[in-house]
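I have placed the structure first, in the form of structure tokens, so that the comments after it can refer back to it.
Side chains are part of it too, since the values below use all heavy atoms of this structure and drop only hydrogens, waters and symmetry mates. Numbers for residues simply follow the sequence, beginning at 1. Whatever order the structure lists ligands and atoms in, that order sets their numbers, starting from 1.
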Amino acid sequence: MTNKKDIKILSQILDIDEVKVISHSIYNEIGIILRTEPIKLYSVCPSCGTESHKLHQNHRHIIKDLPFGEKPIFLEINRRQFKCRICKKPFSEEFEFARKKRTYTNRLANKIIQEVLENDIHSVASRGIVTTEEIERMLKRCI
Ligand SMILES: [Zn+2]
């Protein structure tokens with residue numbers, strides 16, 4: 001259980017204004033998992049720009065974020081699908097902190113890219129936070 005005070009502190013430390021932390025678990029071998037929920041109650045349809053409050057589905061998955069000290073941090077995020085009343089189609093919401101279909105946050109990608117520029121892909125991958133494949137994807141996105 002995570003109490004209200006912890007949740008507030010964890011959300012402040014996480015410092016991503018699009019989500020709040022709702023609970024956390026610490027696993028010795030894995031790291032810290034922070035369960036988050038979006039703060040906004042609506043999203044804007046990418047096709048027509050209409051605000052939608054009609055939740056279609058929840059889509060929870062886990063992505064990697066910047067480590068906290070020596071502990072890897074994983075965020076469980078909920079990228080909801082809303083249904084647009086004009087287009088009559090569901091769409092999934094955009095977040096500024098993490099692109100769709102990615103397994104990591106943008107700020108982790110930026111940090112890794114910095115490290116690769118200063119070192120090389122294999123030594124950064126050997127630290128175990130991200131795989132060589134993920135680094136290549138980050139770099140492609142950058143170019
Ligand atoms: Zn629409």
Side-chain angles (χ1 to χ4, degrees), residues 1-27 29-122 124-125 127-143:
M1 272 302 284
T2 311
N3 69 40
K4 264 192 174 157
K5 208 173 146 198
D6 290 345
I7 283 173
K8 205 173 163 210
I9 292 166
L10 287 169
S11 298
Q12 282 173 346
I13 293 171
L14 185 64
D15 199 23
I16 295 175
D17 55 13
E18 292 170 293
V19 298
K20 60 177 184 229
V21 176
I22 54 166
S23 72
H24 78 296
S25 336
I26 300 173
Y27 301 94
E29 302 299 315
I30 303 168
I32 302 170
I33 299 180
L34 300 174
R35 297 188 62 211
T36 69
E37 277 294 330
I39 288 170
K40 274 201 304 194
L41 298 172
Y42 62 91
S43 189
V44 175
C45 172
S47 313
C48 71
T50 305
E51 251 179 39
S52 176
H53 293 254
K54 197 171 186 296
L55 183 66
H56 183 62
Q57 261 180 338
N58 287 305
H59 270 284
R60 294 196 170 82
H61 60 278
I62 289 180
I63 62 171
K64 286 174 256 195
D65 192 23
L66 295 172
F68 186 72
E70 307 255 290
K71 291 245 185 276
I73 300 282
F74 299 89
L75 306 180
E76 188 188 297
I77 63 170
N78 180 13
R79 194 184 288 277
R80 300 162 298 183
Q81 277 195 329
F82 289 87
K83 195 159 184 185
C84 177
R85 65 186 153 85
I86 308 294
C87 306
K88 312 268 183 237
K89 278 187 208 155
F91 65 91
S92 71
E93 68 184 318
E94 299 276 357
F95 292 124
E96 280 185 27
F97 74 95
R99 293 168 53 76
K100 279 178 187 165
K101 293 180 182 149
R102 290 294 184 268
T103 52
Y104 42 79
T105 57
N106 295 343
R107 63 187 184 185
L108 176 60
N110 292 339
K111 181 171 172 268
I112 297 291
I113 288 164
Q114 248 335 297
E115 285 176 7
V116 169
L117 292 175
E118 288 159 11
N119 300 277
D120 69 273
I121 291 181
H122 297 289
V124 174
R127 281 173 227 164
I129 296 172
V130 285
T131 61
T132 309
E133 198 190 14
E134 284 174 328
I135 295 171
E136 278 163 0
R137 207 177 304 140
M138 289 169 184
L139 288 172
K140 252 180 228 155
R141 167 74 201 144
C142 213
I143 297 156

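- Shown here are the protein N/O/S atoms lying under 2.8 Å from the Zn ion (ligand 1), water excluded: Cys45 SG, Cys48 SG, Cys84 SG, Cys87 SG.
- For the pair Val19 and Phe97, the minimum side-chain heavy-atom distance is below 4.5 Å.
- Legend: residues meeting salt bridge (Lys or Arg N to Asp or Glu O under 4.0 Å) with Glu93, ordered by chain and number and at least two apart, are Arg80.
- You'll find the side chain of Glu18 reaches within 4.5 Å of the side chain of Glu96, heavy atoms only.
- For the salt bridge (Lys or Arg N to Asp or Glu O under 4.0 Å) criterion with Glu94, the lone passing option out of Arg102, Lys101, Lys100, Arg99 is Lys100.
- Ion pair Glu115/Lys111 flagged as a salt bridge, since at least one NZ, NE, NH1 or NH2 atom sits closer than 4.0 Å to an Asp/Glu carboxylate oxygen.
- Looking only at side-chain heavy atoms (C-beta outward), Arg127 and Asn119 come within less than 4.5 Å of each other.
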